There are 2 protein chains.
Amino acid sequence: MWMEIDLQSDVPIYTQLVDQLIEGIASAQLKPGDPLPSVRSLAADLGINLHTVNKAYQILKQDGFLQVHRKQGVVVQPGGMPGADAAFRAKLERGIRSLAAEAAVRGMTEAEFAERSAAVYRQLMSKGEDAK
Amino acid sequence: MWMEIDLQSDVPIYTQLVDQLIEGIASAQLKPGDPLPSVRSLAADLGINLHTVNKAYQILKQDGFLQVHRKQGVVVQPGGMPGADAAFRAKLERGIRSLAAEAAVRGMTEAEFAERSAAVYRQLMSKGEDAK
DNA sequence: GTTTCTGTTATACTTATTATATAACAGATA
DNA sequence: TATCTGTTATATAATAAGTATAACAGAAAC
């Protein structure tokens, strides 16, 4: 599996999993309907606990990014991803504001900040250009 | 004082303080040399503990956004803010990537995402247009 | 010089979060 | 029936966050 975990990081393991899975979907490395490893096997692969993986899966299921069947296991949402609703827009604005404020204080202009945002978005999407 | 704290939020109080102070500096509501309330008075104002405020001040001092004198108390860094060094750029990239990935999955285009970033930056800066 | 304010440091304690460890249950498949 | 799946339930340990007191030392004001 292509996932990597940093046990020394200050960001929780389940958050790292959530982030990487969303990035995988965004870049189309994970396509709708694609199967994901079982909570037990992924936990074993990464050398972490079953519940840590399950917590990440639960969050993504709750947000509508994953679907769960009884025996097939976990799959990437086949029937259309959730849109940019009010809750997400609020979360997005908070996140951007925090980053933009420090960037501004450190001398980055609005244009630089916006360009950086576009560049990171672009780079992220280009990871899945080989259609996997 | 213009600070507000949400005790019900999942983001730590000291982080909320750090964010709001950086936003205040970014928007020039707090200008270089401006005095900040003492850890005791601000804690009393917000109904929180002295150490929670002190933790926020320590972080901002460590990053070079604040200066501390013995009796004058805490002031906004008078001698030029730190620049966008490698550490910050890495932190910025991580933060943007996480937000950009979810935005992309939810259907936001690169242009929309970049525009949103610019808009939030702009709105943030406009808060201090009345020169305080 | 004493008082008073400042940041700072040191303990101690409570609470919440994160992560792990086992165990068991129920649906689905071979 | 045996095996794999997600799921749930406990329990425990480690860390982070927040609070509560107390005390120290520098600096300014009386």
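Please read these numbers as outputs of a predicted model, since none were measured by experiment. Per chain, numbering begins at 1; letters A, B, ... match sequence-line order.
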Sort and list the pairs that fulfil salt bridge (Lys or Arg N to Asp or Glu O under 4.0 Å) and have at least one residue in residues 50-66 of chain A, not counting sequence neighbours.
->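 Salt bridge (Lys or Arg N to Asp or Glu O under 4.0 Å) check on residues 50-66 of chain A returns no pairs.
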
At a cut-off of 3.5 Å, list every protein nitrogen or oxygen paired with a nitrogen or oxygen from nucleotides 26-30 of chain C, distance to 0.1 Å.
from, atom 1, to, atom 2, distance (Å)
dA26(C), N3, Arg70(A), NH2, 3.4
dG27(C), O4', Arg70(A), NE, 3.4

Leu30(A) and Leu36(A): side-chain contact (heavy atoms from CB on, under 4.5 Å), yes or no, with the steps?
-> CA-CA 9 Å; Leu30(A) 289 174; Leu36(A) 264 57; 4.3 Å; yes

Compare side-chain N and O positions of Lys61(B) against OP1 and OP2 of dT8(C) and report whether any pair is under 4.0 Å apart.
->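 Indeed, a polar side-chain atom of Lys61(B) lies that close.
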
Can you name the residues that form a side-chain hydrogen bond (donor to acceptor under 3.5 Å, both in side chains) with Glu110(B), not counting sequence neighbours?
->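 Glu110(B) satisfies side-chain hydrogen bond (donor to acceptor under 3.5 Å, both in side chains) with Arg122(A) once adjacent residues are dropped.
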
Counterpart residues, side-chain hydrogen bond (donor to acceptor under 3.5 Å, both in side chains), relative to Glu93(B) (two or more places apart) |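 With sequence neighbours excluded, Glu93(B) shows a side-chain hydrogen bond (donor to acceptor under 3.5 Å, both in side chains) to Arg116(A), given in chain and number order.
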
I want to check something: taking the side chain as every heavy atom from C-beta on, are [X] and [Y] in contact at a cut-off of under 4.5 Å?
| X | Y | answer |
| --- | --- | --- |
| Thr52(B) | Asn49(B) | yes |
| Leu21(A) | Phe65(A) | no |
| Val76(A) | Met81(A) | yes |

Determine, step by step, whether Phe113(A) and Ile96(A) satisfy the side-chain contact (heavy atoms from CB on, under 4.5 Å) criterion, reporting the C-alpha distance in whole Å, the side-chain angles of both residues, the deciding distance to 0.1 Å, and the verdict.
-> CA-CA 10 Å; Phe113(A) 182 71; Ile96(A) 293 179; 3.9 Å; yes

Protein-nucleotide distance ([X], atom [atom1]; [N], atom [atom2]), rounded to Å:
| X | N | atom1 | atom2 | value |
| --- | --- | --- | --- | --- |
| Tyr57(B) | dG18(D) | OH | P | 16 Å |
| Leu42(B) | dC5(C) | CG | P | 17 Å |
| Asp10(B) | dA16(D) | CG | C1' | 14 Å |
| Gln8(A) | dT15(D) | CD | C1' | 14 Å |
| Leu36(B) | dT6(C) | CG | P | 13 Å |

Step by step, work out the side-chain contact (heavy atoms from CB on, under 4.5 Å) result for Asp6(B) and Gln16(B).
-> CA-CA 8 Å; Asp6(B) 179 9; Gln16(B) 296 183 43; 3.9 Å; yes

Once base and sugar-phosphate atoms are separated, protein heavy atoms under 4.0 Å mark nucleotides 14-19 of chain C, 5' to 3', with B, S and - as ----SS

Inspect the contact between Glu23(A) and Lys127(A) and indicate whether a charged nitrogen and a carboxylate oxygen are less than 4.0 angstrom apart.
->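 No salt bridge links Lys127(A) with Glu23(A).
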
Distances for protein N or O near nucleotides 9-13 of chain C N or O, under 3.5 Å:
from, atom 1, to, atom 2, distance (Å)
dT9(C), O4, His51(B), NE2, 3.3
dA10(C), N6, His51(B), NE2, 2.5

State whether the distance check finds a donor on one side and an acceptor on the other, under 3.5 Å, for side chain Arg40(A) versus base dT3(D).
->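 Per atom types, no contact qualifies.
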
Kindly indicate, with the supporting measurements, whether the criterion side-chain contact (heavy atoms from CB on, under 4.5 Å) is fulfilled by Arg106(B) and Asp85(A).
-> CA-CA 9 Å; Arg106(B) 289 180 181 273; Asp85(A) 55 19; 4.0 Å; yes

